[in-house]
**Student:** 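Have a look at this one before I ask anything.
In what follows, every chain begins at residue 1, and chains take the letters A, B, ... in the order their sequences are listed. Keep in mind that the numbers below use all heavy atoms, side chains included, and drop hydrogens, waters and symmetry copies.
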2 protein chains.
Amino acid sequence: MEAGPRLAGTVRPGGRTAKVRTAVLQATQDELVERGFHRLTMDQVASRAGIGKTTIYRRWGTRARLVTDLMRELAARSFPPPGTGSVEDVLMANARSVLAAITDPYFGATLQAVIAAATSDEEAAGALHAFYDRRIAEWAKVVEAAVEGGELPPGTDGAELIRAVSAPLYYHLMILRQPVDEAMAARSVARALIAARAGAFVAV
Amino acid sequence: MEAGPRLAGTVRPGGRTAKVRTAVLQATQDELVERGFHRLTMDQVASRAGIGKTTIYRRWGTRARLVTDLMRELAARSFPPPGTGSVEDVLMANARSVLAAITDPYFGATLQAVIAAATSDEEAAGALHAFYDRRIAEWAKVVEAAVEGGELPPGTDGAELIRAVSAPLYYHLMILRQPVDEAMAARSVARALIAARAGAFVAV
């Protein structure tokens, strides 16, 4: 299984600004995992990152923007879709990517912290949207390229198909609190693919 | 849409013991919705229910058992499956029941409070199991009766099919934080049914 995205160790080339951002987002993620969204404070993040509070307040303004920026960055760095492939390969790569993300001790804990907070906090819900909108849109593009290649009925909604493959994995782990594994990921893909080939994912 | 289950007003005939239980579970649910699992205390429940602390400690022992008992009771009272029907009717009734439960302001908030707590608390996860195990088993029985009637391939796993219909609704509302509606419920049923008819839910 791929390792979950953790910002540390993945610093991209860049100057002082990029380094500050990486340090601050890493501290944000550590605080989220260890203390949860509701106890996350800008001051604590500043102290943990070793960056002046003024810099953090000027650049991000609020705790919500900090978490939203982190989630966008995680979406960009984590498990990018393959450039191309059969629909089945792409859907299986998506299922494996979801499985790796939600079961990774560190990345899974980050997601769960934001998901839990989003049940009672609109800002956390916004940060979650920032993550899933970006992730799903990127994967949907690859599915839709395969649709254009004629593998699935014209008009098949790639984003909806990606969500259908992901849903059972999230539901089992985060709602039912049951283990998830590769076999379940494969079943999810097989079921969605049968329905998609029958036209059940054509946008109405 | 059916009203979500709220214990108040649904007191079943019974003596003092049943009345105490209803009052205590109602107070537990109110506390969960208003304050969340992590701030729920036995003393607060006792005070809200107007029942002596000794009674509550003697009968339930721990906060986790209180919430587990509440979730079992909600599973029993909420949205029971129809006695019989075509597989499609039963799955649609399940999807509507899930939709009603998760979007009901009071019952949905109860579920979300326990789901959020379960991300970081084993006892809350246990209470969630108490709810879903009971609910899914009851609905699976009705699906499996239809399977025996020959509507779906022999060996189709009723519980797995019920979970497949429910998953997208929970995933959209509680993970993606997007609205869910009757049309989505119908799509979820249609897709699962196509896969089920093709044998994709036969237990391996």
**Student:** Counting heavy-atom pairs under 4.5 Å with chain B, which one of A/Ala116, A/Gly36, A/Ala113, A/Ala109 comes out on top?
**Tutor:**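 Most pairs with chain B among the choices: A/Ala116.
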
**Student:** Given heavy-atom pairs under 4.5 angstrom as the criterion, report whether the side chain, backbone, both or neither of A/Arg197 touches chain B.
**Tutor:**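 Neither part.
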
**Student:** Can you list every salt bridge (charged side-chain N to carboxylate O under 4.0 Å, His left out) pair that touches residues 122-135 of chain A, not counting sequence neighbours?
**Tutor:**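 Listed by first then second residue: A/Arg134-A/Glu138.
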
**Student:** For B/Tyr171 together with A/Tyr171, are the ring centres under 6.0 Å from each other?
**Tutor:**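 Centroid distance A/Tyr171-B/Tyr171: not below 6.0 Å, so no.
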
**Student:** Under 4.5 Å heavy-atom distance to chain B, tell me which part of A/Ile136 shows up: side chain, backbone, both or neither.
**Tutor:**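 Contact with chain B is through the side chain of A/Ile136 alone.
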
**Student:** At a 4.5 Å cut-off on heavy atoms, which part of B/Ala118 comes close to chain A: side chain, backbone, both, or neither?
**Tutor:**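 Both the backbone and the side chain of B/Ala118 come within 4.5 Å of chain A.
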
**Student:** Which heavy atom of B/Ile194 sits nearest a heavy atom of A/Ala195, and at what distance?
**Tutor:**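 Nearest heavy atoms, B/Ile194 then A/Ala195: CG2-CA, 3.9 Å.
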
**Student:** Would you say the side chain of B/Tyr132 lies within less than 4.5 Å of the side chain of A/Ile175, judging by non-hydrogen atoms?
**Tutor:**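 Yes, close enough: below the 4.5 Å cut-off.
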
**Student:** Establish, for the pair B/Arg191 and A/Phe201, whether the NZ or CZ atom is under 6.0 angstrom from the six-membered ring centre and no further than 45 degrees off its axis.
**Tutor:**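 Here B/Arg191 passes the 6.0 Å and 45° test against A/Phe201.
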
**Student:** With rounding to the nearest 0.5 angstrom, report the CD to CD1 distance, A/Gln112 to B/Ile115.
**Tutor:**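 If we round to the nearest 0.5 Å, A/Gln112:CD and B/Ile115:CD1 are 11.5 Å apart.
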
**Student:** Would you mind checking which part of B/Leu128 comes under 4.5 Å of any heavy atom in chain A, side chain (CB onward), backbone (N, CA, C, O), both or neither?
**Tutor:**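 B/Leu128 touches chain A through side-chain heavy atoms alone.
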
**Student:** Report, in residue-number order, which members of residues 38-50 of chain A are under 4.5 Å from chain B by heavy-atom distance.
**Tutor:**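 Under the 4.5 Å heavy-atom cut-off, nothing qualifies.
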
**Student:** Which pair of non-hydrogen atoms, one from B/Pro168 and one from A/Ala167, has the smallest distance, and what is that distance?
**Tutor:**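 Residues B/Pro168 and A/Ala167, closest heavy atoms: CA-CB, 3.9 Å.
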
**Student:** Can you give me the closest heavy-atom contact between B/Arg187 and A/Glu160, atom names plus distance?
**Tutor:**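 B/Arg187 and A/Glu160 have their closest heavy atoms at NE-OE2, 3.9 Å.
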
**Student:** Do B/Met174 and A/Thr119 make a side-chain contact, defined as non-hydrogen atoms from C-beta onward lying under 4.5 Å apart?
**Tutor:**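 Contact flag for B/Met174/A/Thr119 side chains = no.
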
